[in-house]
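Presented below is the structure to which this report refers.
Ligands are counted one by one from 1 in listed order, and the atoms in each one are counted from 1 as well.
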Amino acid sequence: MPNRKTSEAERELVDTARRVLPAGGFGNVPHEVVIAGGRAGRVWDVSGNEYVDYLLGSGPMLIGHAHPEVLAVTQEQLAKGTTFFANNEHGIRLAAEIVDAVACAEKVRFVSSGSEADLYAMRLARAYKKRDKILKFEGGYHGMSDYGLMSLSPRRSSNFPRPIPDSAGIPKSLQDEVLVAPFNDLETVASLVREHRQELAAIIVEPVQRLIPPKPGFLEGLRKLTSENGLLLIFDEVVTGFRFAYGGAQEYFGVVPDICTLGKAIGGGFPLAAIAGRADIMAHFDKGAVAEDEFMMQVGTLSGNPVAAVAGLKTLEILKRPGAYATIFATGRALMEGFETILQTAGVKARVVGDAPMFDLVFGDRPVNDYRSALGDADAMKRLNGLLRERGILKGEGKYYVSLAHTAEDVRFTLDAFASATKAFVGT
Ligand SMILES: Cc1ncc(COP(=O)(O)O)c(C=O)c1O
């Protein structure tokens, strides 16, 4: 079944990339594939190999690639000019749609990436509470800022709540400003909050941490703890926003934070992200609404970019149509159930972890509740992903993202490829 071919043109591009890009790539996905284009749930590379695409641009392409309606509105805007810095209609209407859809959103501030949104959300909490410390969860991803890159993927375990920086170049002093707790462990969070309540500004959490669903009561518990102790609760909804439900994870789980961050889907495949939250907190972005020393300076050249905003608006309009989420969930469930059956039949010890819009395997057989229990066999994962890629399945190293555009034929193709890859995996 493996049939991936590499053309001379792709080989040349990969060599050039190795010469001019650190590690030969833009980021953290395998660099041997150079994507040439995509439509709906599929992409193809420079050599002409086609893939069912579960990478989805790391999540933004929730309605599929090159959606004709998104293309039409973006092309119309492209001809009218691509960025103005000043307010534009599409950005204003997108903010209004977010306020309508997302429970915590009374005001919206646009930025260009999820990393920025998280960095400002944490700064906003610190400005509002006039305290410096943030509590995050081990393995929680909140972008690439100094605060965000604490105990995202620590290679060694440290004692909670001491964070481990994931990157060189982060000031040592920052380790004193971040507390780390295990995801899904309300007791540990409660004791840290009790001990540090005078210094803590906020708890930031991915409502579904990477793939790990919250235990029943966990998010509710965080809401209660933060409210009772005068802390803010930040939901990082860069991934979950408009993906688990139109109103995001806060609608799906019925827990409303004080602030949330949004990204990926709201830009329709263009660089756009947002901080959204309660009006009294968001007031810190408004010089006229707070004292001089409480004002939070924040500008960005491309913030609210009209091309990104109109692509995002059309994406949301399509997601809002009847049946969209039912379709995404049905596709995801069919894949998850199919994978489980194939793994069981082949006797592979791995769990399918996550929920229909995003999931993956974790090798091993113990329950997955937090970062440490989600650390499966990374080499096995890499090997299986490689076998899948050879069989026409593209995905991130640790996630399948499902789109509205994936068809029954895509699911059938994927399950065949998965069965073949699993057979080869067991044979190796
Ligand atoms: C939960 C979460 N927060 C923040 C980010 C950062 O977003 P961006 O890559 O747009 O900077 C990501 C990116 O994958 C994410 O998954």
Quick one: look up the protein heavy atom nearest atom 16 (O) of ligand 1 and list residue, atom name and how far away it is. R210 NH2, 2.8 Å
Is there a heavy atom in K264 that sits closer than 4.0 Å to ligand 1? yes
Interfacing atoms of ligand 1 (cut-off 4.0 Å, heavy-atom, S115): 6 (C), 7 (O), 8 (P), 11 (O)
Shortest protein contact, atom 3 (N) of ligand 1 (heavy atom only): D236 OD2, 2.8 Å
Please report which non-hydrogen protein atom sits nearest to atom 12 (C) of ligand 1, along with the residue it belongs to and the distance in Å to one decimal place. Y141 CE2, 3.6 Å
Side chains of K136 and S151 only: does a donor on one sit below 3.5 Å from an acceptor on the other? no
Whether R210 and D360 form a salt bridge (side-chain N of Lys/Arg under 4.0 Å from carboxylate O of Asp/Glu) is what I want to check. no
For E206, the atoms of ligand 1 under 4.0 Å from one of its heavy atoms are 1 (C)
Looking at K224 and E220, is any side-chain nitrogen of the basic one under 4.0 Å from a carboxylate oxygen of the acidic one? no
Between F359 and Y400, how do the two ring planes meet: parallel, tilted or perpendicular, split at 30° and 60°? parallel
Crowding at CZ, R39 (>12 non-hydrogen neighbours, <6.0 Å): no
Using 4.0 Å as the upper bound for N to carboxylate O, is an ion pair formed by K382 and D379? no
Which atoms from ligand 1 have a heavy atom of G143 less than 4.0 Å away? 4 (C)
Which of the ligand 1 atoms, numbered from 1, are nearer than 4.0 Å to a heavy atom of D118: 3 (N), 4 (C)
For atom 8 (P) of ligand 1, what's the nearest protein heavy-atom neighbour? Residue, atom name and distance, please. G114 N, 3.4 Å
SB check R162 D176 (cutoff 4.0 Å): yes
Looking only at protein heavy atoms, identify the closest one to atom 5 (C) of ligand 1 and say how far it is in Å. V238 CG1, 3.8 Å
